[in-house]
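What follows is one structure encoded as structure tokens, with my remarks underneath.
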Amino acid sequence: MIEDGGRTRGKRAGNRGTAFYIEALLLTAVFAVVILTLARVFVWSGQKGRDAALLTGAVHLAENGAEAVAASRSLEQVRELLEENGNAEIVTRFAESNSEAAVEGAVEKGGADTLRVYYDDALNPVPGGAIWMDIAWMPESSGEESDGAPGGAGLVKSVITVGRAEAEEPVYRLETEVFVGLD
């Protein structure tokens, strides 16, 4: 009688153990690749989520800036509406880095005063924050009365740019125009 139930030991038994270890090693390698890929995807999606939150906040800041421009007769009034905790300053001339085709006409006519308002990463107003909003005030008024509009009244173009301190490109840019001078 055969005591081991007909099983024999030999070269085939060693091959089965080696195959098992090779399969386990390959399965471990596949899992490692999947885990690394998923980690990279999660990091990428986290960064995209932060970028989307910043863009949403930048759009809201630009909206607030455009509303302040529409409610004001001068850049000083815009500053009064937007300034909190000393986070706003008026810069004398519009920065050349922003002089695109829409702004070039105003710059050629003598430049445009700009208001810079600073915010922190949570978009709270703070002096010298990492996020800033520039509002360029470009009046197109000749100062003379024309078409029934009083002197000093006219169209004011504003370019509102929201940017981040360490970024080269602005986060958001909005161009708006408003007629100023009639009560």
Side-chain angles (χ1 to χ4, degrees), residues 44-183:
W44 177 81
S45 66
Q47 180 62 40
K48 290 297 178 185
R50 286 186 294 278
D51 291 347
L54 178 62
L55 179 60
T56 300
V59 169
H60 289 297
L61 287 178
E63 286 176 9
N64 291 342
E67 289 174 2
V69 166
S72 302
R73 295 178 56 108
S74 68
L75 192 59
E76 288 77 20
Q77 287 181 346
V78 175
R79 178 182 181 182
E80 290 173 8
L81 289 173
L82 295 176
E83 184 174 22
E84 294 180 49
N85 303 324
N87 68 325
E89 63 183 357
I90 294 180
V91 182
T92 55
R93 293 288 168 211
F94 194 75
E96 289 182 30
S97 63
N98 292 331
S99 60
E100 295 179 7
V103 179
E104 285 178 8
V107 173
E108 289 173 6
K109 293 178 184 175
D113 288 333
T114 303
L115 173 68
R116 178 164 279 196
V117 187
Y118 293 98
Y119 300 91
D120 64 7
D121 288 329
L123 300 179
N124 296 317
V126 294
I131 297 171
W132 47 263
M133 175 176 59
D134 281 349
I135 301 176
W137 183 271
M138 299 172 282
E140 296 181 7
S141 170
S142 63
E144 298 176 5
E145 189 172 326
S146 61
D147 297 333
L155 193 65
V156 174
K157 182 173 188 160
S158 292
V159 178
I160 302 167
T161 307
V162 179
R164 189 168 186 83
E166 68 270 3
E168 292 180 23
E169 294 289 320
V171 176
Y172 187 72
R173 181 182 170 105
L174 174 67
E175 294 183 22
T176 184
E177 295 179 5
V178 64
F179 188 81
V180 176
L182 296 179
D183 291 329

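Along the sequence shown, residues carry numbers from 1.
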### Message
If you define the side chain from C-beta out and look only at heavy atoms, does anything of Asn85 sit under 4.5 Å from Val126?
### Response
no
### Task
Looking only at non-hydrogen atoms, find the nearest pair between Ala66 and Thr176 and report the distance.
CB-CG2, 4.5 Å
### Query
Do Met133 and Leu82 have side chains that get closer than 4.5 Å, going by heavy atoms?
yes
### Summary
Taking every heavy atom of Leu81 against every heavy atom of Ala68, the minimum-distance pair comes out as CD1-O, 3.8 Å
### Summary
Note: Trp132 and Thr161 closest approach over all heavy atoms is CZ3-O, 3.6 Å
### Task
Looking only at non-hydrogen atoms, find the nearest pair between Tyr118 and Pro127 and report the distance.
CB-C, 4.3 Å
### Query
With a 4.5 Å heavy-atom cut-off, do Val117 and Leu61 have their side chains touching?
no
### Task
Taking the side chain as every heavy atom from C-beta outward, state whether Arg50 and Leu54 have any pair of such atoms under 4.5 Å apart.
no
### Query
Is there a side-chain contact between Ile160 and Glu63 (heavy atoms, below 4.5 Å)?
no
### Task
Considering non-hydrogen atoms only, spot the tightest contact between Val78 and Val69 and give its length.
CG2-CA, 3.9 Å
### Query
Measuring from Leu55:CG to Lys48:NZ, what's the distance to the nearest 0.5 Å?
11.0 Å
### Query
Atom CG in Asn87, atom CZ in Arg116: separation rounded to 0.5 Å?
12.5 Å
### Message
Show the nearest heavy-atom pair for residues Arg79 and Ala88, with the distance to one decimal.
### Response
NH2-O, 3.4 Å
### Message
Between Asp113 (side chain only) and Trp137 (backbone N and O only), is there a donor and an acceptor less than 3.5 Å apart?
### Response
no
### Message
Counting neighbours of CD on Gln47 that are heavy atoms of other residues, nucleotides or ligands and sit closer than 6.0 Å, is the number greater than 12?
### Response
yes
### Query
Is there a donor-acceptor pair closer than 3.5 Å between any side-chain N or O of Asp120 and the backbone N or O of Ala122?
yes
